[in-house]
Protein chains: 2
Amino acid sequence: MAASPASAVLEDKGPCSAGHDGSDMIRDVLSRVGDKWSLLIVGSLQDGPQRFTVLQRNIAGISHRMLTHTLRNLERDGLVSRTSYPEIPPRVEYEATELGRTLFEPVLGLVSWAADHHDDILASREAYDDRD
Amino acid sequence: MAASPASAVLEDKGPCSAGHDGSDMIRDVLSRVGDKWSLLIVGSLQDGPQRFTVLQRNIAGISHRMLTHTLRNLERDGLVSRTSYPEIPPRVEYEATELGRTLFEPVLGLVSWAADHHDDILASREAYDDRD
DNA sequence: CAGAATCCGAAGAGATACTG
DNA sequence: CAGTATCTCTTCGGATTCTG
């Protein structure tokens, strides 16, 4: 049991827990963090509150719809807070919550891994594709 | 410039780099790691080499097709190695590569974050859904 | 300016059946 | 036992249009 505590979090805990073990939780988090835009948005908000159009310019490539949609999800999960000012024209500012900021720490570990090893991955892909 | 080096990796580097900045790399890694099964497979392989059917039993919920498909991608990216023994019946063993094992370290940071905060996320979701 | 709503194509993912 | 192929369903994500 003490042999591999590291991977234990991801493993099935037995036939009786089929459907909702510890892996559901991490998958839940990853499906939020791992989608196409969430991480970019939270990353951009690390610099401080930003309004809708600024975010859209900042992220470069995101569509209007996806920015709205992803911000909704992030707000729902408590990673981003939304403040709307009842003016004309309307102004809305988004900000990373405390939770959103703590999330960024472990994510940075992954980011630096990606920076370190994505060359290896690309090389491995090419080598793989050359076979056959 | 030195104000927020943390988020800089994820940010757009300017209008001229539209399409392929540093965020492409992390997104590439995340789309591999963040899919439904890759992480579970790599996690299960932390315990040592396993053959196809063992993996399928170990992961519980994965379909035959998805296990094959995900293993292919992991092998292509150099995270998992495949060894086939030309016997009857055939035997194939999968093993995490060195790269696959280094990946698991930063991922564990995310896993523990998920363990720590997924209650907050669930609570935030309920609170959000109660409004309206 | 911010966002909701709709339509549509592409990719993800399961079920099943077939081969060596 | 391991892997491929096909079929189908759902989800993701972009484009567009419309409102306060």
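Note on naming: letters A, B, ... go to the chains in the order of the sequence lines (proteins, then strands), and numbering restarts at 1 for each one. The figures here come from the full heavy-atom set of this structure, side chains too, leaving out hydrogens, waters and symmetry mates. Bear in mind the structure is a predicted one, so any value in this text is a computation, not a measurement.
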A:Ser44 side chain to A:Gln50 side chain, donor-acceptor N/O pair below 3.5 angstrom: yes
Distance, rounded to the nearest Å, where A:Leu71 contributes CG and C:dA2 contributes C1': 11 Å
Nucleotide D:dG3, atom P - distance to CZ of B:Arg51 in whole Å: 10 Å
Separation of D:dT10 C1' from B:Met66 CE (nearest whole Å): 13 Å
Give each protein N/O atom lying under 3.5 Å from an N/O atom of nucleotides 15-18 of chain D, with the pair distance.
from   : atom 1 : to      : atom 2 : distance (Å)
D:dA15 : N6     : A:Arg65 : NE     : 3.4

Contacts of type salt bridge (charged side-chain N to carboxylate O under 4.0 Å, His left out), residue A:Glu98, not counting sequence neighbours: A:Arg101
4.5 Å side-chain heavy-atom contact, B:His118 and A:Ile26: no
Residue list, ring-ring contact (aromatic ring centres under 6.0 Å, His included) with B:His69, at least two apart or on another chain: none
A:Asp35 CG - C:dA11 P separation (whole Å): 17 Å
For atom NE2 of A:His69 and atom C1' of C:dA2, their distance in whole Å: 17 Å
B:Asp28: partners by salt bridge (charged side-chain N to carboxylate O under 4.0 Å, His left out), with sequence neighbours left out: A:Arg125
Atom pair distance, as rounded to whole Å: CZ in A:Arg32 and C1' in D:dT11: 13 Å
d(OH, A:Tyr94; P, C:dA2) in whole Å: 8 Å
DNA chain D-proximal residues of residues 84-93 of chain B, any heavy atom under 4.0 Å: B:Pro89, B:Pro90, B:Val92
Residues that B:Glu126 engages under salt bridge (charged side-chain N to carboxylate O under 4.0 Å, His left out), provided they are two or more places apart: none
Whole angstrom value for the distance that separates P of C:dA13 from CZ of B:Arg72: 17 Å
ring-ring contact (aromatic ring centres under 6.0 Å, His included) partners for A:Tyr94, two or more places apart: none
All ring-ring contact (aromatic ring centres under 6.0 Å, His included) counterparts of B:Trp37, not counting sequence neighbours: none
Sequence-distant partners of B:Ser81, side chain to side chain donor-acceptor pair (under 3.5 Å), two or more places apart: none
A:Lys36 side-chain N/O to D:dG14 phosphate OP1/OP2 under 4.0 Å: yes
Touch class at under 4.0 angstrom, heavy-atom based, for B:Thr68 against every strand present: base
